[in-house]
Amino acid sequence: MTDTTEKTGAATTGGVARPSVLSLPIKEKSALYAAYMPFLAHGGIFVPTTKPYKIGDEIYLILTLLNDPTKYPIAGKIAWVTPAGANNNKVQGIGVHFASDESGVRVKQRIEELLGSALGSTRATHTF
């Protein structure tokens, strides 16, 4: 599937939590389809991770898509958490809702461009 690299944990600086930084390289179109969340207002992506997060936590994601050499830095918030041992053998991880800023809009457009007609598929995903 995909490899998630956790760069840093949520650290505190002067009492203020700093968002975690995760790196997510997605190398196959089928993995991108399974992880993408077009139903969120600004788009989002499923990130497999065993690190504990809570809904609403801020996160910083470095996303690499298929054979595109561009690294997409995206700020987002945790929209949901799939815990270990979830029903239907769902992969443990988090759903990250992209921010409404320029980087979030750009990556949403790029993902939808890469997926094209696959967006209308009824194949199962890591999301709902």
Side-chain angles (χ1 to χ4, degrees):
M1 194 185 108
T2 55
D3 299 320
T4 307
T5 306
E6 297 185 28
K7 299 286 187 188
T8 62
T12 56
T13 309
V16 178
R18 193 172 64 218
S20 291
V21 179
L22 297 177
S23 178
L24 180 65
I26 298 181
K27 299 174 182 151
E28 298 171 356
K29 188 174 182 178
S30 60
L32 180 59
Y33 170 81
Y36 182 55
M37 300 182 299
F39 51 83
L40 293 177
H42 308 293
I45 198 113
F46 176 81
V47 180
T49 182
T50 57
K51 186 172 181 199
Y53 287 96
K54 293 181 293 216
I55 292 174
D57 284 353
E58 292 186 5
I59 192 162
Y60 192 73
L61 186 62
I62 309 294
L63 188 60
T64 309
L65 302 170
L66 310 179
N67 58 357
D68 184 342
T70 305
K71 291 187 184 294
Y72 296 91
I74 307 141
K77 286 194 175 186
I78 307 301
W80 95 81
V81 176
T82 302
N87 290 340
N88 300 322
N89 297 317
K90 291 279 189 186
V91 175
Q92 181 178 359
I94 54 175
V96 178
H97 188 187
F98 300 150
S100 60
D101 62 11
E102 184 182 332
S103 66
V105 169
R106 185 172 68 126
V107 77
K108 180 180 190 290
Q109 289 173 339
R110 181 64 178 136
I111 289 171
E112 291 182 355
E113 178 183 297
L114 290 167
L115 289 176
S117 63
L119 279 172
S121 176
T122 58
R123 286 180 297 153
T125 70
H126 295 300
T127 63
F128 301 112

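Atoms NZ and CG, on K27 and N67 in that order, are 12.5 Å from each other to the nearest 0.5 Å. Interatomic distance, NZ of K77 versus CD1 of I59, reported as 12.5 Å (0.5 Å rounding). Within the model, atoms CG of D101 and CZ of R106 stand 10.0 Å from one another, a figure rounded to the nearest 0.5 Å. Here D68 contributes atom CG and L114 contributes atom CG; the two are 7.0 Å apart, rounded to the nearest 0.5 Å. Between the NE2 atom of H97 and the CH2 atom of W80 there is a distance of 11.0 Å, given to the nearest 0.5 Å. Residue L32 holds its CG atom at 7.5 Å from CG of L63, rounded to the nearest 0.5 Å.
Contact between H42 and A99 at its shortest, heavy atoms only, is CB-O, 4.0 Å. What you find for K54 and I78 is that their closest heavy atoms are O-CB, 3.4 Å. When all heavy atoms are compared, the tightest approach of G43 to K108 is N-CE, 3.7 Å.
Both L66 and Y36 are assigned to one and the same hydrophobic cluster, defined by single-linkage of ILVMFWY side chains at heavy-atom distances under 4.5 Å. Put simply, I55 and Y53 are part of the same group of oily side chains (I, L, V, M, F, W, Y) that touch within less than 4.5 Å, one to the next.
Residues Y60 and P73 form a side-chain contact, since some pair of their non-hydrogen atoms from C-beta on lies under 4.5 Å apart. Using a 4.5 Å cut-off on side-chain heavy atoms (C-beta onward), T82 and P48 make no contact. No side-chain heavy atom of E28 sits under 4.5 Å from any side-chain heavy atom of Y33. Side-chain contact between V96 and L24 is absent, with no heavy-atom pair separated by less than 4.5 Å. For the pair F98/L40, no side-chain contact is recorded, criterion being any heavy-atom separation below 4.5 Å from C-beta on.
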Verify side-chain contact (heavy atoms from CB on, under 4.5 Å) between L115 and K29, making sure each step is shown before the conclusion. CA-CA 7 Å; L115 289 176; K29 188 174 182 178; 4.1 Å; yes

Can you check side-chain contact (heavy atoms from CB on, under 4.5 Å) on V107 and I45, steps first, answer last? CA-CA 10 Å; V107 77; I45 198 113; over 6 Å; no

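Counting non-hydrogen atoms of neighbouring residues, nucleotides and ligands closer than 6.0 angstrom, the CD atom of E102 reaches no more than 12 such neighbours.
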